[in-house]
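A short write-up of the structure that comes next.
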Amino acid sequence: MISLVRAELRKYFTTRLSWSMPLAMAVLGGLFAALQGLFLAVIGEFPGPDGSMIVPSEMFGEDVVARLVYTGGVQIGYLLALVLGILSMSGEFRHKTITATLLAAPRRGRLIAAKLASVAVIVAVNAVAFTLGSVVGGGLTLALGDVSLFPDLAGLLATFARMILVLVLWGLMGFGLGVLITNQVVALFVGVGVTLLVEPLLGFGLTFVERLADASKFFPSQASTSALDLFAGVDPGMAQSLGGAPDALSWGWGTLVLLGYAAFMAALGWLLTSRRDVA
Amino acid sequence: MTTPPAPSPSGTGISVRGLTKTFGSFTAVDDLSFEVAPARVTGFLGPNGAGKTTTLRMLLGLVRPTSGEALIGGRRYADLSAPMVTVGAALEATGFHPGRSGRNHLRVLAASHGIPDRRVDELLELVGIPAAARKKAGGYSMGMRQRLGLAAALLGDPDVLLLDEPANGLDPEGIRWMRGFMRHLAQEQGKTVLVSSHLLGEVEQTVEDVVIIANGRMARQGTIDELRGEPAVLVRVADPAGLAGVLQEAGLEVQPEDGGLRVSGADGARIGEAAHAAGHAVHELRPLRTDLERLFLELTESPEHRNRNLATGTEAA
Ligand SMILES: Nc1ncnc2c1ncn2[C@@H]1O[C@H](COP(=O)(O)OP(=O)(O)O)[C@@H](O)[C@H]1O
Ligand SMILES: [Mg+2]
């Protein structure tokens, strides 16, 4: 089992993806964090719900601002994590390496378990690159806006840990999707499409259906925001004006919901995979 | 990982029993049964589309049989604890990641079985691509891919080798090398080799046993010598009828053929001497080779095997 995980890690580290992806992660994380910092720290004021101007660092405290800035790119981060997860399986079908892989690991349940473990490790490494990029990009704008860089170091470290966890969970969801849909192009299209388009539209649509209005907080993106626990210590009304969901899940529940999605898709994929002919 | 290659008389054989695979209403492999003897080279032959690759894929647990079973050393491939140490397979249409070097491809496989990387370099040396394998696989020729596939199959030093059309894409020199290599594996290392081909001539000099299939069904199995039949000699004289009498009296089987006589049961020397003793001047005396290629065509194109790929599929359903 350990040797299968090692083989999967070798697969990743012997292609270009092993350096291009962390690079993209760091650069995009930095850019989006810097952008967030531009609004929250450098410009440093925006109109609140009642029309009066809000100065974030005064209103919520510098720790919340730092948290929001450093996690400014989390959406792009988990999208890339999703892609990494998808590629783990669909890439095997695309390049027809699945035959060699299954000859080395004919018990498909074990192969899936080894791949799950390797995706977790690989995405975690990438998530660290993403976090480092975010700290550099966000830190730059925070400094420019004269907001303290690490107002609450322990709290920020917890946020970073949660961000890495969220990315890993998205990687696992992507893996499940890649097992379900072996066509790489379709899997990528569905994964990114659902996240960027279907989920927000559906969430918006549901606000009109009274009995389901609450359901959108269980959607992956919303659950991710909850899992990051960005708005700890912020008045819920204020949190909404910053993009938080009304009545959001607690961070623990958010994490569990994401874990549930990942487990569900991987299990379904495993079920299908164990019967599928590889010809 | 370093199982001694000492040929064991027991060895690891293959047994296929009542194996059937249908894709929708199409029966690709149809109630196929055969045994592959340990430490011998067996040719698995049949025209394109006969079901060879599908059968091998079922042996390897890649394709799920509709019914029947395919066992290696009495066990299913997926039940082998370290499969690559027992069975090495080089299948058609095995892909390589275009951005990964062949060497790294092998190192990935090696890692899955705890095989040291040193072995990867040894094998690349053995199949003759030590330098080229450091380049990305995207640019490999068919011959390179075949050699890399063979190296992958040999990685675990397995007892059994399944090679699917290994000569495809090789140049004549490569084909000769492959033949010698297979013989070496079976005779000196005691490995069981099952090699598929759609050309009998390609493996004729290499294989000891043959399993010939057509349209997913068994057409003929046995040793290559059985397939060739009894050796015969063609002899031409001025008076064939006279010589026929003499040879028949000597207990040989004689048939008129092509203006001369086809004699089986004796070699040219004996026949020549018999003719000389009886006063016949021999005009021509040559061994007749069974035209295996023609026999192969006859076997695989016989009426009960024809037309399957054109059939409506009602029979299979
Ligand atoms: N996955 C599949 N789906 C449908 N038909 C298939 C599949 N795989 C093979 N076949 C068909 O089964 C037959 C046998 O194919 P194959 O085993 O590749 O033959 P061979 O290797 O002897 O050339 C062919 O007619 C082929 O088209
Ligand atoms: Mg074939």
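All values below come from the heavy atoms of this structure, side chains included, with hydrogens, waters and symmetry mates left out. Per chain, numbering begins at 1; letters A, B, ... match sequence-line order.
Both the backbone and the side chain of B:Y77 come within less than 4.5 Å of a heavy atom of chain A. For A:A100, the parts lying under 4.5 angstrom from a heavy atom of chain B are both the backbone and the side chain. Neither the backbone nor the side chain of A:S18 comes within less than 4.5 Å of any heavy atom of chain B. Within the 4.5 angstrom heavy-atom criterion, atoms from both the backbone and the side chain of B:A78 approach chain A.
The CZ atom of A:R16 sits 6.0 Å away from atom NZ of B:K136, with the distance rounded to the nearest 0.5 Å. Between the CG atom in B:L91 and the CG atom in A:L102 there is a gap of 11.0 Å [rounded to 0.5 Å]. To the nearest 0.5 Å, the span separating CZ on B:R103 from OG1 on A:T14 amounts to 11.5 Å.
Residue-environment remark: CZ (A:F189) stays at or below the threshold of 12 foreign heavy atoms within 6.0 Å. Around atom CH2 of B:W177, more than 12 heavy atoms belonging to other residues, nucleotides or ligands sit under 6.0 Å away. Residue B:F23 places its CZ atom among more than 12 non-hydrogen atoms of other residues, nucleotides or ligands, all under 6.0 Å distant. Shown here is A:L201, whose CG atom has more than 12 heavy atoms of other residues, nucleotides or ligands within 6.0 Å.
Options A:R6, A:R275, A:E92 differ in how many heavy-atom pairs under 4.5 Å they form with chain B, and the most are formed by A:R275. Contact tally against chain B (heavy-atom pairs below 4.5 Å) for A:R94, A:K11, A:E8: the top residue is A:K11. Of the listed residues (B:G88, B:P98, B:S101), the greatest number of heavy-atom pairs within a distance under 4.5 Å of chain A belongs to B:P98. For the options B:R76, B:M84, B:H97, heavy-atom pairs under 4.5 Å to chain A are most numerous at B:H97.
The two residues A:A104 and B:H113 come nearest to each other via the heavy atoms O-CE1, 3.2 Å. Of all heavy-atom pairs between A:A7 and B:A111, the closest is CA-CB, 3.9 Å. What you find for A:L4 and B:S112 is that their closest heavy atoms are CD2-CB, 3.9 Å.
Contact annotation: the side chain of A:L103 approaches that of B:L62 to within less than 4.5 Å [non-hydrogen atoms, C-beta and beyond]. A:D277 has its side chain out of reach of B:R57: every pair of non-hydrogen atoms, C-beta onward, lies at least 4.5 Å apart.
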